[in-house]
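Take a look at the structure below.
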Amino acid sequence: MATGSPSSSSSSNYDVFLSFRGEDTRHGFTGHLYNTLLSKGIHTFIDDEELQRGEEITPALMKAIQDSRVAITVLSEHYASSSFCLDELATILDQRKRLLVIPVFYKVDPSDVRNQRGSYGEALAELERRFQHDPEKLQKWKMALKQVADLSGYHFKEGDGYDFKFIENIVEQVSRVISLRPLHVADYPVGLESRVLRVRRLLDAGSDDGVHMIGIHGMGGIGKSTLARAVYNELIIAEKFAGLCFLANVRENSSKHGLEHLQGKLLLEILGEKNISLTSKQQGISIIQSRLTGKKQNIITTRDQQLLRSHEVNKIYEVKELDENDALQLLTWEAFKKEKAYPTYEEVLHRVVTYASGLPLALEVIGSHLVGKSTQEWESAIKQYKRIPKKEILDILKVSFDALEEDEKKVFLDIACCFKGWRLTDVERILRGDYDDCMEHHIGVLIKKSLINVSGWDDVVTMHDLIQDMGRQIDQQESSKVSGKRRRLWLTKDIIEVLEDNSESSNLKVLNFEECEFLTEIPDVSDLPNLEELSFDRCGNLITVHHSIGFLSKLKILSAKRCSKLTTFPPLNLTSLETLQLSYCSSLENFPEILGEMKNLLMLELIDLGLKELPVSFQNLVGLETLSLSHCGILLLPINIVMMPKLASLDAESCKGWQWKKSEEGEEKVGSIVCSNLALFSVDGCNLYDDFFSTGFMQLDHVEILSLRHNNFTFLPECIKEFQLLRSLDVSGCLHLQEIRGVPQNLKEFMAIECISLSSSSLSMLSNQELHEAGQTVFQFPGATIPEWFNHQSRGPSSSFWFRNEFPHNVLCLLLARVECIYEDYIPMLTVFINGKRHKITSWLEYGEGTGVRKVKLNYTYLFDLESAFELDDLSEVALEKEWNHVEITYAGMLETSLVKATGIHVLRQDDIRYDDPYGKRKLEHDLNSFESQPLIKKPRLSRWVGPERIINLLGNAADGALITNAERRYRHISMDSFCRRCHSLEETILHALRDCPEVAAFWRSVLPKKLAPKFFNGDVTVWLERNLDHQSFSEAALFWPTFFGIAVELLWQFRNDLVFDHSGRRGLDLSGAIDIVFKRYKDYMGAHASHNLMTRNLLKWKPENSKDWLLRLNVSGAYDPSSGTAACGGIFRDKDDDRFVLGFSVKLGESWSINEAEILSVYHGMKIARKYDIWGLYRDILRRHSIPISLGIARQHGFGKIRVESDSDKAIEFVQRGCPTSPSTSTSKSTSRRKHCFPLCQELKALTSATNHSYTRHNAAADSFAKFGLSMKQQGASIFSSCPSFCQPFI
């Protein structure tokens, strides 16, 4: 269906399209099939022989495919040898959304088609030769063959019998399909396509067995039945069911003709049973259950969500109103029968759209009613609709109201007349007196019947404007004609009439003047003694409030928010007052005097007022527990305000002129002795200086939470350490803070984000061992120094330890990270794995995702007690699995723009804790044994790439195999499987995560420059990075690809981490969103680095230096046993000058053909070890242990980072340097298989050894000893030696 255009009234021109290989079956099987279809009256397209000449599919065939309902593909022996047939097949499969495809495997095995074997494999091999210039077309054909082989179809094997019997089965299915004719959906199916897609996804997500029910739920007139008809038509095309039936108007027809009538219709349409006579609905149920077996999917439309829940319909699609664009388009089609209206109608069209509020029924009724009318007639009609809505609309909407119980009807009318737009808590509070404790139930019923909604962070009650109009019309019809006797007053004239009649108004309890634009004063209300709630919020012209308001003894709620012209407020003596709202009265300079004690007002919030001071009488609010001040300008506060008897929380924000005011003589002296009861004191952004601590600060020594953020003081006083109850202190954003002169001994939470002036002594004080070992601390402050007392440190994003008996209760975690962008109130999220199981964690802290994003470039220290910051589930059970239990804490995916420098763990209890693996063999051995399944890794030289440090680090880690993919996580026992979290089908290697996953590959295809596309998906990690980071290859590209590529890789890895570490469930890659983000980041970066010369340095420099000066060498050798036909290899890394041993290895290879092959494989495995395990890092450690300094100059001179490879096999060196010969030298099967075995190593060896020099040396006994040891090993595998073994010592 086409969004925004009329639905087609004509059906497809053809019922069936036949695709076949003419040479195979035209005059046999396909010819018989065609004739049988015609004899059954099935209109079938079969191509003329002339149409298949040429390489390209013709427009005539394309149109025939598009005009058909069913495509039958006859896949015969030589079908794939025709490029024309394969193009035709690909075109057919592109139309699968609307075209039923039935494959017929005629004397071919479907698995040969799927896997391209046999004649299909031979045909594709020939096509690869012919179309080697067009790899995309070849890939499309292969994919089409795989897709068609996966479809349900028919398989005719040699010897299966006669063709005509087989053909009858096919024709019977086709007849059944084409007998199902699509329903009329709508004259103008605007906005339907996306909704159909969502319902189809719900259908596809169900089980293939049993009954699968889906509910379509929404208010009357929203388009539920229209959507159901559209989905029904889609199911006809998909042909997933033996039968389909659409029962319309079930409620009306069952009440009129009985449920038995509908049951009979269902059996008739699905089974074709014409003579079923049902005597009762129970009989109908029994027959339906017995006859309609197998897979069943029921789609139910209803306004009542509870109906779906009660029948265990758990998959529900709620139909929402049309958005403004779709609503405008539908109205235009209905009124003007075309896509665009005349410009003069634009304004009235928008007014109707606003009135209809996205309800399709209203748009259709109004649009059809106004066809051919002038703009003046439209204007008149709009006024009429607002006064009296169209009866056709209200009658449909009223169905839901009529189904309500009496009390539910009353609650609905209360909301429709008076409470639309109110917060749910306020509605329930006001109405609870009339409906006791049933309010929650009544509200739930109204929501489930789509009459109201509760939405937003503050739970506002909303309803469609037309439903409100319906409710008000019902209220007018049912209520008394005398205004004073009505339950609900919502018309202005009725309210005025009641207020003018004192006898009617004296019992008034609630009076609401909100948003009264013309209200300038609140009059005398002394005649309303029973008033409990008075609100005049958002009265923008209100200037005066009568003093009588201050003496309403029963008043509980007084609200005057956002009265911007109100300058004064009368004195208050309201003994029952529980809520006072004066916020955002920006002209109000004085808080009202409090004439007597008010005990019931517990909380007071004053935001954005013009207050200059609080009066002394403010202390008469003796019940006040919480006072919140924000943006109140110059504010003088009496010092003794903190001494109010019940005040526990004083929170001030951005009160820039904050000052303490001395009220009485000698008060300061008294204040220094008597302490307040404040538990929370916050003065963020109040422009405070050092003198703040000299006046009354010690009165706060009972405070538990102290927030002093974004102020100007330079020190925290020493007296603060006397605050024995202080548990949380936040000084973030205090840019001038230099000294912390004391730290309270019970402090548990400390935040100092952006405190860039803190001295080293203060930072050291924050890392105090005794403070943190006391437990429960969560600290964040600038700097990146690891405390000396920490047990275990790690350079990566993860740290781990083993424990036994029980999980330790005092685990301190350390994270050092360079952060470029930080959120206030942010604590980094971590992931904890215990014995490979990810444990659910919940933050104890109130820090959410953070607010106030700020760009910084600072090193930060996060030091916290694990159990204080996070709750871990089921810790009591994990110790039962084994004696020693492995714990890994990782911060991968922590922040979008951060670079983890180090992590650490400190466990106070040491007796049952260890930091090495008590079970495992060396990791080197494990990884070497799995080399064949690991991607090739190699660290490119990225130091000359100008870009963000985090991207350089990421690319280096990718090339070095240091990204923790799920394959790596599975090995580390921190993941239960190694599969990709996007596709859930393949192992997640680095290359899969960054390039080959289908979702990721789709992203790359959408952004690749044309000239890069053919080879982009070739090669291993090293080749891929080298190709895309080499600027010289892409000078013609529209963008500077190396930079774009690096930014894109970072984003893909970031999205991958979000997927792995976000516990909210699986999320796919948003293709368009990802593209937008990458281009924005690229544009921002290039804008900030306008000179492209900065970017054109070679990113990967592989050419070796002069080898004679290199410091480190690798001697390799092979060993071969002719009697068993097995081989081994080995090697030794050592210092060139002093023969210092660095690392040795032996590998048992198994079957081999020669000593030369073993020698080649020794280079291969040796270089893999060098890359993966940082052989230069090991060498540097050895030099450090011998106190041998290596300066930068010496390192450069000696090619630090490169290795000299020495072998006594000239053939091995030739193989490494030149690769395997590409021309065949012999036709023997042995040499052919050997070449097939060796050829894949050529590219890997070329990449592995591109930063090395190769030399031919005489026999090397040390390397030989490792090779011979490998030969003596009993099983295939590897042994790694970190110290020189005894069998090698004679040769060192």
Side-chain angles (χ1 to χ4, degrees), residues 727 746-749 767-780 786-787 789-794 796-816 827-847 861-894 900 902-920 923 964 966 968-977 1060-1063:
R727 295 180 56 84
N746 293 314
L747 189 66
K748 301 304 179 185
E749 296 174 18
S767 302
N768 177 269
Q769 181 175 0
E770 183 180 350
L771 175 69
H772 292 285
E773 285 190 344
Q776 302 181 337
T777 54
V778 179
F779 277 37
Q780 178 181 349
I786 299 176
W789 50 272
F790 245 72
N791 296 138
H792 179 65
Q793 305 165 16
S794 171
S798 303
S799 294
S800 64
F801 66 93
W802 279 258
F803 73 93
R804 64 182 177 185
N805 294 331
E806 64 177 9
F807 192 90
H809 292 295
N810 194 343
V811 179
L812 286 171
C813 300
L814 175 74
L815 168 67
L816 307 181
I827 291 294
M829 199 65 180
L830 51 77
T831 306
V832 176
F833 297 88
I834 304 179
N835 293 331
K837 176 185 176 184
R838 179 165 63 190
H839 273 251
K840 181 181 178 183
I841 58 176
T842 306
S843 175
W844 288 114
L845 305 175
E846 295 182 358
Y847 305 118
T861 298
Y862 300 87
L863 205 168
F864 55 92
D865 181 277
L866 180 62
E867 288 191 343
S868 295
F870 302 97
E871 176 187 12
L872 280 74
D873 287 355
D874 302 326
L875 286 179
S876 60
E877 300 179 9
V878 295
L880 302 178
E881 296 185 14
K882 55 178 84 169
E883 181 186 4
W884 287 98
N885 299 276
H886 180 246
V887 179
E888 175 143 354
I889 298 173
T890 180
Y891 304 87
M894 178 196 74
V900 173
T903 59
I905 288 177
H906 179 82
V907 184
L908 187 59
R909 190 193 81 206
Q910 292 298 314
D911 51 343
D912 290 327
I913 302 295
R914 58 189 299 173
Y915 298 99
D916 60 336
D917 188 346
Y919 300 110
K923 186 177 184 300
I964 304 179
N966 271 347
E968 175 69 12
R969 288 161 54 78
R970 177 66 182 89
Y971 165 70
R972 294 189 181 191
H973 308 293
I974 57 176
S975 177
M976 300 304 292
D977 61 65
V1060 172
F1061 296 103
D1062 187 344
H1063 304 291

Open item on the list: Could you tell me if the side chain of Arg727 sits less than 4.5 Å from the side chain of Gln776, heavy atoms only?
Closed with: yes
Task: Under 3.5 Å donor-acceptor, Trp789 side chain and Ser767 backbone - done: yes
Open item on the list: Over 60° means perpendicular and under 30° means parallel, so tell me whether His772 and Phe779 are parallel, tilted or perpendicular.
Closed with: perpendicular
Task: OG1-CG distance between Thr890 and Leu815, expressed to the nearest 0.5 angstrom - done: 10.0 Å
- [ ] For residues Ile913 and Pro808, determine if any side-chain heavy atom of one lies less than 4.5 Å from a side-chain heavy atom of the other.
- [x] yes
Task: Side-chain donor/acceptor of Asn810 to backbone N/O of Glu773, under 3.5 Å - done: yes
Open item on the list: Could you measure the distance from the CH2 atom of Trp802 to the CG atom of Asp912? Nearest 0.5 Å is fine.
Closed with: 15.5 Å
Open item on the list: Using 0.5 Å steps for rounding, measure from the CG atom of Asn768 to the CG atom of Leu747.
Closed with: 11.5 Å
Task: Under 3.5 Å: donor-acceptor pair, side chain of Asn791, backbone of Val907 - done: yes
Task: CG-CD1 distance between Asn885 and Ile834, expressed to the nearest 0.5 angstrom - done: 8.0 Å
- [ ] Measure the acute angle between the ring planes of Phe790 and His906, then classify it against the limits of 30° and 60° as parallel, tilted or perpendicular.
- [x] tilted
TODO: Over 60° means perpendicular and under 30° means parallel, so classify the ring planes of Phe803 and Phe801, tilted if in between.
DONE: tilted
TODO: For residues Asp865 and Gly775, report the shortest heavy-atom separation together with the two atoms involved.
DONE: OD2-CA, 4.1 Å
TODO: Give the minimum heavy-atom separation between His886 and Ser800, together with the two atoms involved.
DONE: NE2-CB, 3.4 Å
Open item on the list: Before you tell me yes or no, could you show the steps for Thr777 and Leu812 under side chain to side chain contact (heavy atoms under 4.5 Å, CB included), namely the whole-Å CA-CA distance, both residues' side-chain angles and the distance that decides it to 0.1 Å?
Closed with: CA-CA 8 Å; Thr777 54; Leu812 286 171; 3.9 Å; yes
Task: Residue pair Tyr862 / Val778, side-chain heavy-atom distance below 4.5 Å - done: no
Open item on the list: Please report the interatomic distance CD(Gln793) to CD1(Ile905), rounded to the nearest 0.5 Å.
Closed with: 11.5 Å
- [ ] State the CG-OG1 distance between Leu814 and Thr903, to the nearest 0.5 angstrom.
- [x] 7.5 Å
